[in-house]
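Data first, discussion second: the structure below is written as structure tokens.
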Amino acid sequence: MPSAPPIAQIALDIPVPRLFDYLAPGLTKADIGQRVRVPFGRKEMVGVVMGLLPDSSYALHKLKPVLEVYRDAPALSTELLRLLNFCSDYYHYPLGATVMAALPTILRRSQPVQVKLASAWQLTAAGLTLRTDDLPARAPAQRALLDHMRDGQAHPGTALAAICRGYRSIVKAWVSRGWAAQIIQPATLHPHPAEADAPPQLTAAQQDAVAQISAAFAHYQAFLLHGITGSGKTEVYLHLVAAALARGGQVLLLVPEINLTPQLTGVFRARFPHIAIATLHSGMAEGERLTHWLAAAEGRARIVLGTRLAVFAALPQLALLIVDEEHDSSFHQQDGLRYAARDVAVVRAQQRGVPVVLGSATPALETWHNAQGGRYTLISLNQRAIAHARLPTISLLDTRSCKPDEGLSATLLAAIRSRLDAGQQSLVFVNRRGYSPALMCFECGWSAACTRCSAKLVLHLREHQLRCHHCGHVEQVVHACPACGNLDLKPGGFGTQRIEDSLTRHFPQARILRVDRDSTRKKHSWPDMQRAIRKGAADILVGTQLLAKGHDFPKLTLVGVINADSALYSPDFRATERLFAQLMQVGGRAGRAGAAGEVLIQTQFPEHHLYRLLQRHDYAGFAASLLAERAAAGFPPFVHQAVLRAEAGRLDTALAFLHKAQCAAPHMTGVTLFDPTQAAMARKAGAERALLLVQSPTRKVLQAFLSAWMPQLYALKANNVRWNLDVDPLEI
DNA sequence: AGCACGCCGACT
DNA sequence: GTCGGCGTGCTC
């Protein structure tokens with residue numbers, strides 16, 4: 001008697017917390033983790049085989065068959081499927097949607113993968129006879145390109161673009177003249193084979209860190225690498241990567257921002273020129289992303305460098321995970337599958353039995369707490385690795401006694417003047433882009449607000465616009481107060497543009513460069529700007545967070561901070577933690593090589609203990625005081641939280657849904673369920689938002705509660721309400 | 001998420 | 001008399 005065809009459980013990108021069963025004749029265990037095409041409703045979808053069973057709990061006669069198995073890419077390993085299963089359980093997000101979210105978009109579509117082939121160009125025999133003088137003297141780009149290609153090798157477009165942006169038209173002209181030929185070859189992930197950079201001598205502390213972590217290569221262990229800016233964390237990473245590669249392993253390195261990726265990729269390429277390095281981030285073109293994903297999945301790329309989404313990359317030889325700047329909030333995905341890549345990285349290391357390194361100068365309080373409790377091994381790098389480099393001196397400028405002029409105090413202005421005279425660079429850090437965060441009427445107290453959000457509109461004076469930074473709403477600047485008719489509306493507070501104007505007035509001769517999301521979008525890209533800054537093409541930099549993150553500018557010796565205080569009266573209990581990290585980070589920009597840096601912070605609260613500890617560069621002291629506060633107040637990491645969020649056209653609709661959810665919740669000791677409230681930003685992009693907070697002293701109890709609660713939530717009919725659950729929320 | 005089915009207002 | 005509004009329910 002022939003045995004019944006197996007039943008395949010398929011993960012589909014459907015917001016329903018279950019898998020779908022299909023008849024799967026001919027499928028074997030080897031197809032688990034493989035993509036399949038299946039009929040779904042009256043359409044077809046791509047899913048992933050999660051398991052094969054002899055039987056189904058669904059009526060057998062209703063089962064449809066799997067239409068096709070795509071065997072064009074490696075199947076997801078059972079190990080990776082296990083990680084995705086964990087994430088689905090832990091974040092209470094449907095398994096099918098979780099699995100599909102881990103795939104590059106092209107693999108979610110119902111066509112077999114076309115492996116991307118890249119164009120390369122090579123000089124022909126005729127082209128090789130050309131001399132530089134044969135090309136016009138006023139065509140330096142052509143001459144540079146010719147010099148570069150004279151080796152007769154095939155050069156991929158990406159490599160030629162590095163010589164000359166407009167290489168394409170030049171090379172095409174050469175092809176038509178018979179000087180060059182186009183060649184199609186598989187895209188290469190290491191386009192510039194070269195001599196490897198020699199690793200520098202490690203400090204004793206760095207050597208010790210490398211030795212400690214390398215000793216854990218065969219098993220799981222989580223390390224917190226706590227090192228101040230300039231203490232050489234990257235160099236420790238590089239040595240660990242070398243060690244992992246020597247053992248035949250792959251390394252996953254997670255970094256916060258796409259902005260960091262090109263710079264860091266450069267460092268890794270220079271040190272490991274013969275190793276294929278895959279990069280994965282959301283800014284990449286779909287095809288490019290697939291190329292890199294496949295290189296990682298097939299084990300060809302031995303180093304994978306990416307943002308949070310890379311934590312789900314298929315890595316058959318994974319031997320080491322590193323999360324750089326692990327405290328950074330960009331490791332948290334805020335929609336869809338709401339995961340924290342740093343935490344997923346730790347679980348992944350645990351499941352695989354390999355070490356994971358979390359690096360930061362200002363670890364997340366949760367991480368620090370784990371290190372204090374012994375769950376993570378703390379390794380501290382206390383000295384700056386660069387010889388003679390000292391920590392910057394941090395001074396506080398009391399803006400109550402010394403009123404700033406258009407945002408800038410006399411002391412800060414004098415300090416900038418002295419840098420200008422010495423040919424050094426200054427950085428002025430402002431927390432808001434735009435001209436000013438409000439447009440106000442001083443007669444009646446009106447200020448311009450967004451109609452779709454509960455937020456003030458930000459004045460962008462140059463564009464004569466008021467913009468909402470939350471929903472993108474734009475309107476023209478009004479010239480009279482809509483409430484009282486007063487014609488004298490004034491900006492309130494300072495944004496980067498206003499500080500830039502102010503600096504221009506004080507230092508008309510200085511070259512001032514503004515760096516924020518607005519200025520980097522047009523004109524020059526941020527990497528171009530960084531190059532210009534490093535070359536000394538600017539005297540004063542004005543900018544937001546963008547400037548704070550991990551770039552060395554050797555001529556930068558002064559950092560001024562304009563309006564840090566707002567975090568001190570924020571209702572968000574994590575605001576001070578973020579402020580400290582931010583100030584520590586931006587302060588670290590000053591004086592990295594040789595010259596000691598100076599940081600000047602304008603504040604109304606110079607006596608605040610945050611600033612005192614910052615002046616002493618005392619992260620540990622600050623963390624201890626924050627942890628004591630959190631313990632006393634019963635906040636994380638001493639409790640574990642989850643937030644049920646709801647959005648609707650009307651606030652009462654959202655609240656009513658949450659109230660129903662509250663009533664449907666199972667009773668469980670050790671779980672506190674708060675009453676529904678409106679969100680901190682009650683209205684965003686036209687949607688009214690409310691939330692329901694749940695917490696418990698133990699993760700296990702919270703998880704048990706959520707597991708029991710979720711089916712109840714799915715059973716509620718959510719008329720016009722969009723809801724989602726946020727486990728370990730960053731903001732409430 | 002799609003996409004159908006299904007029961008109540010303004011139009012050829 | 002129909003076209004179409006989006007509420008509700010299902011997809012293996």
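By the side-chain contact (heavy atoms from CB on, under 4.5 Å) test, Ala102(A) pairs with Leu84(A), Phe312(A), sequence neighbours left out.
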### Task
List the steps, then state whether side chain to side chain donor-acceptor pair (under 3.5 Å) holds for Glu326(A) with Thr367(A).
CA-CA 9 Å; Glu326(A) 63 84 29; Thr367(A) 305; 2.7 Å; yes
### Verdict with supporting geometry, Arg342(A) and His327(A), side-chain contact (heavy atoms from CB on, under 4.5 Å)
CA-CA 8 Å; Arg342(A) 175 238 295 147; His327(A) 64 282; 5.7 Å; no
### Task
Decide side-chain contact (heavy atoms from CB on, under 4.5 Å) for Lys64(A) and Val38(A); before the verdict, give the C-alpha distance in whole Å, the side-chain angles of both, and the deciding distance to 0.1 Å.
CA-CA 8 Å; Lys64(A) 295 178 182 175; Val38(A) 293; over 6 Å; no
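Per the geometry, CG belonging to Leu52(A) stands 19 Å off P belonging to dC12(C), to the nearest Å. Remark: C1' of dT8(C) and CG of Leu716(A) are 15 Å apart, rounded to the nearest angstrom. Rounded to whole Å, atom P of dT11(C) lies 12 Å from atom CG of Leu63(A). If you take NE2 of His61(A) and C1' of dC12(C), they are 11 Å apart, rounded to a whole angstrom. Rounded to whole angstrom, the span from the CG atom of Leu67(A) across to the P atom of dC12(C) amounts to 11 Å. Rounded to whole Å, atom P of dC12(C) lies 16 Å from atom CG of Asp13(A). Following rounding to the nearest Å, Asn720(A) (CG) and dT8(C) (C1') show an atom-to-atom distance of 11 Å. Here dT11(C) presents its P atom at 15 Å from CE of Met45(A), a figure rounded to the nearest Å.
Residue-level contact check: Asn719(A) touches the backbone only, with heavy atoms under 4.0 Å from sugar-phosphate atoms and none from bases. Nucleic acid contact for Phe40(A): base, since at least one base atom lies under 4.0 Å from a heavy atom of the residue. The residue Arg42(A) sits close only to the backbone: its heavy atoms come under 4.0 Å of sugar-phosphate atoms, none of a base. If you check every strand for non-hydrogen atoms under 4.0 Å, Lys717(A) touches nothing.
Ring geometry for Phe705(A) versus Trp709(A): interplanar angle of 30 to 60°, hence tilted.
Among dT8(C), dC12(C), dT11(C), the nucleotide with an atom closest to any side-chain atom of Val16(A) is dT11(C).
Stacking between Phe20(A) and dC12(C) is absent: the aromatic ring centre is not both under 5.5 angstrom from the base six-membered ring centre and within 30 degrees in plane angle.
The one candidate from His470(A), His469(A), Gln465(A) that meets the side chain to side chain donor-acceptor pair (under 3.5 Å) condition with Arg467(A) is Gln465(A). Partner of Asp726(A) under the side chain to side chain donor-acceptor pair (under 3.5 Å) criterion, chosen from Arg645(A), His332(A), Gln641(A): Arg645(A).
The nucleotide range of DNA chain B contacted by chain A, defined by atoms under 4.0 angstrom from heavy atoms of the protein and reported 5' to 3', is dA1(B) to dA4(B).
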